[in-house]
Amino acid sequence: MRAGLRRFAANRLAVAGAVVLALLVLFAVLGPLVYPTDQVTTDLASANLPPGADGHPLGTDALGYDNLGRLMVAGRVSLLVGVLAGALATVVGTVWGAVAGYVGGVVDAVMMRVVDAGIAIPAIFLLLVLSTIVRPTVGMMIVVLGLVSWLVPARLIRAEALSVRTRDYVVAARAMGATHRRTVFAHVIPNTVGTVVVNATFQVADAILLVAYISFLGMGVQPPTTDWGAMLNDGISFIYQGAWWLILPPGLAIVLVVCALNFVGDGLRDVVDVRGRAA
Amino acid sequence: MRTTQAGRAARLAVGAAAAVALLAGCSTSSGADESAARTDVSYALPANATPNWIVPLGIAGKLATHNSAIIRTLWEPLVAYDGSEGEVGRVADADLADEITFSDDGRTVTITLDDRTWSDGEPVTSADVKFWFDVVRASTDVWASYSAGRMPDNVTDVATPDDRTVELTFDKVYNPEWLQASQLTLVVPMPAHAWAKTADDEEADPALAETEEGARAIFDYLVGEGEDLATYADNPLWQTINGPYALTGFTDSGQVELTRNETYDGDDAASIETVNLLPYTSSEAEVNAVRSGAVDYGYIPTTGLDAPEQYENLGYRVEPWAGWSITYLPYNFNHPELGPVYRQLYVRQALQHLVDQEQISEVIWKGAALPGYGPVPQNPESDFLSDEQKDNPYPFDPEAATTLLTDHGWTPGDDGVLECTDPGTGDGQCGEGVEKGQRLAITILSQSGSAETDNMFAEIKSTMEQAGVGVTIESAPLNTVLSSIAPCEADQPECDWELPFFGTAGSWYFGGYPSGERVFGTGAASNFGSYSDETFDELMHDSTESTDPSAMQEYSAFGAENLPVMWLPNPVYQVSVIKEGLEGTTQDPLASFHPQRWSWAG
């Protein structure tokens, strides 16, 4: 454990990523407690104020919402959807891949063709089609994003499972009468956890980006709920008016959180990767 | 979300595309120097609103203004009204009528036709006018401009004494101004020698339209052909035209190419060789095209009015395009659950009190929309406008709204949304048909693609929810909205829409005479919400039969006070940006574009 932490700490970008991520989470979760604003009721009398005006450090948007406060509540949605959708994708993908890799044969072939078919359909296409049918809620976005994002982890874990299933401890467990279910959940999946954890960080980052894409295209959550992508979409009309405070902060937040998650993922890879490590 | 590499590649691509667009914008040349050599114009269609109809027989969901404008470039109407010359009036150069003479008793109008030919060389005759009447008369149940008792019901006889004369006899005396501006403008002579058939491989037989069955079969055939958008550019039917342009390109995505009709022999000939109508999925995408110089005649968001010089520096002039229109949300009075709620006047009054039209117009639309309180266009003011409408009977007043609802048996539920707790028809009760436990939770289906529209409904949602009215906002492209809101009965499954919005560029544009029988008349095809009120119907009839301005004013007052729809701020058709050097672009308050009048300077 300590050695793992040392290896993580040796990756300065990973440490910086973890710090940025922690700060953004604090900003989104605790920020509204420190800096409470009304993000439900519009206030047209205070619309389109520049930073600093009338006690709004980051100005207001076209509906009079305080932009700093909105950045906080939008962060909650972006992070919540990203983390939970990433977690859902990881769980589904891990179980699917582990079962396919462990069982092998026809079952593996069928399960992986399902994955191949799913990967052939762009997730953004599916999401946009769905958005035209129903206006997504936060819960629905988590489920839908999770269900279109499990395919890559399924492939990765399946590759790991193909290797793990031939290991002595798995063979021994089977010889001692362990069921297939127990073998998969107690021996195969725990021994792929490194890959799972590293991939999960990328899944979360990608889920946050997908949420931003959908919202940027105007098909995200219902107002007054918002996320960073929706804030960008709202601000885009003002791009030529020099209203940087409507575009830069949410854009920067998305870039920071995605980069931070990628750096953390790289750091975790260093922790679990045995290659290049002294014997 | 497949791989981070793919994600990085996508981000790089977006960045590269943005840089290219930026460079393109910087390097775009402007001014009139180059304009003299140009023979084409690129015109931006409204965001997320693609053309989907070119047949001069409108059906439900196909009456968008850009469809009508395209149709007018291909087939000239019997009588043309527009505002392309500065004020709304008849533009004789753009129609097929030569002289229009009303009889002394006001019951008959005699119209002589211009000496014109179709593109295949056949003459335009009075039989083509009668052909239109025959076909439409047999299809009033689906013709979208139909209103019971009006065109074509009010024409009892169509006589064709010779090839160039048509005599129309009306069932009674009407206001001639209304007849000419609102009824005769609906008539679009059609080539009977080419269209009087019911299958592709048939020979046209004009006699077929003389029976009701035959005329209906022709209507169905033409509409069926019209549904096949992919064949618009090459279907032989649509090649027989008499307008200044021919349609030479039409893609599924809505891109249209109009080419000058070399066989045109009227007085409204085109100067520009090719007009490209370009579709965009959002106003932001269109603005990017404007900034890159890819659009000659486009539009910008109202926020652009804060700093017009940024477009002027790119070689455009900025001109808001105001329309002779009204904007509203129709209530679906036949909605199975909420129809009885919307039928209560006090509910409509409460909801109207919750729309802050002044603030929305000023802040969200940046002054590019003006408040509208009734069925008569308020800008510019006219003799048709009543004091009641002008004075806004239901100003923004959330407290009054709450009082109206709570005084009629509505109580906030656990989630704050009002519920009917005192059903019944007595004083202080919810009203006829409203059941106990009915929630006042409404759904607005809004056209997508406009930040101003999105913000307007976000503001309305916020205000209404504070007053206990639950609001869900759904959005869809304009064509989707229009095609899903046909008048319906409560027991029909497609009657589940409630409050549709199709007014980002104004909901309804009038001809020269702003009577509302096509929008609010009982049974009218464009009366989407099935509003029906005997008094209002009578006032509409009076307004079309009397020359006394007070008839229109009474109609205006009734519509303002009885709220057949929810009145909303009326936006300009668009804030136009027009390339310097492009002339003849007087913006028609009827929201039609007339590319045949455009030309490049020099």
Side-chain angles (χ1 to χ4, degrees), chain A residues 38 40-48 61-65 85-86 89 118-119 122-124 127 131-135 145 148-152 155 199 201-203 205-207 209-210 213 216-219 222-224 226 233-243 255 258 261-262 265, chain B residues 1-8 10-11 14 25 48 281-285 287-288 290-291 300-307 310-311 314 356 358-366 443 445 448-452 454-463 465-466 471-477 480:
Chain A
D38 183 353
V40 174
T41 311
T42 57
D43 179 12
L44 293 188
S46 303
N48 300 315
D61 68 7
L63 291 170
Y65 291 124
I119 282 177
I124 193 79
L127 292 167
S131 300
T132 60
I133 300 167
V134 287
R135 185 80 190 234
L145 286 178
V148 298
S149 307
W150 60 273
L151 304 161
V152 170
R155 264 189 173 173
N199 184 257
T201 59
F202 298 130
Q203 290 295 318
D206 284 352
L209 271 184
L210 262 185
Y213 289 159
F216 185 74
L217 293 171
M219 297 182 176
Q222 272 264 322
T226 190
N233 183 41
D234 294 340
I236 203 78
S237 308
F238 297 86
I239 194 167
Y240 300 119
Q241 274 68 54
V255 170
V258 171
L261 281 162
N262 276 280
Chain B
M1 198 163 181
R2 298 289 173 254
T3 65
T4 47
Q5 268 189 338
R8 281 169 194 151
R11 289 190 286 277
V14 170
N48 231 353
T281 52
S282 69
S283 52
E284 287 81 14
V287 169
N288 286 337
V290 165
R291 296 187 70 86
I300 54 174
T302 55
T303 51
L305 288 172
D306 287 344
Q310 60 183 310
Y311 297 99
L314 293 170
D356 189 354
E358 281 70 21
Q359 281 268 37
I360 290 172
S361 302
E362 193 183 326
V363 178
I364 292 177
W365 291 96
K366 304 275 181 190
T443 300
L445 173 61
S448 55
S450 159
E452 289 90 348
D454 293 347
N455 286 339
M456 176 169 72
F457 285 116
E459 155 65 14
I460 289 173
K461 176 183 165 84
S462 169
T463 313
E465 289 190 338
Q466 285 179 75
V471 179
T472 302
I473 300 167
E474 296 171 351
S475 59
T480 308

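Chain naming here is simple, since letters A, B, ... match the order of the sequence lines and numbering starts at 1 in each. Since the model is a prediction, treat every value here as computed from it, not as a measurement.
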Task: Segment of B:Gln310 engaging chain A (4.5 angstrom heavy-atom cut-off) - done: side chain
Open item on the list: Which atoms of B:Ile360 are under 4.5 Å from chain A, going by heavy atoms: the side chain, the backbone, both sets, or neither?
Closed with: both
Task: Close side-chain approach of A:Leu63 and B:Val363, heavy atoms under 4.5 Å - done: no
Task: Side chain, backbone, both or neither of B:Ala458 within contact of chain A (heavy atoms, under 4.5 Å) - done: both
TODO: Output yes when a side-chain donor or acceptor of B:Ser462 lies under 3.5 Å from a complementary backbone atom of A:Thr42, and no otherwise.
DONE: yes
- [ ] Find the distance between CD (B:Glu284) and CG (A:Asn233) and round it off to the nearest 0.5 Å.
- [x] 6.5 Å
Open item on the list: Can you tell me how far apart CG (A:Leu44) and CG (B:Asn455) are? Round to the nearest 0.5 Å.
Closed with: 9.0 Å
Task: chain A contact via B:Glu459 - which portion, at a heavy-atom distance below 4.5 Å - done: both
TODO: Tell me, for A:Ala45 versus chain B, whether the close heavy atoms (under 4.5 Å) come from the side chain, the backbone, both or neither.
DONE: both
Task: Side-chain heavy-atom pair A:Asn48, B:Lys366 within 4.5 angstrom cut-off - done: yes
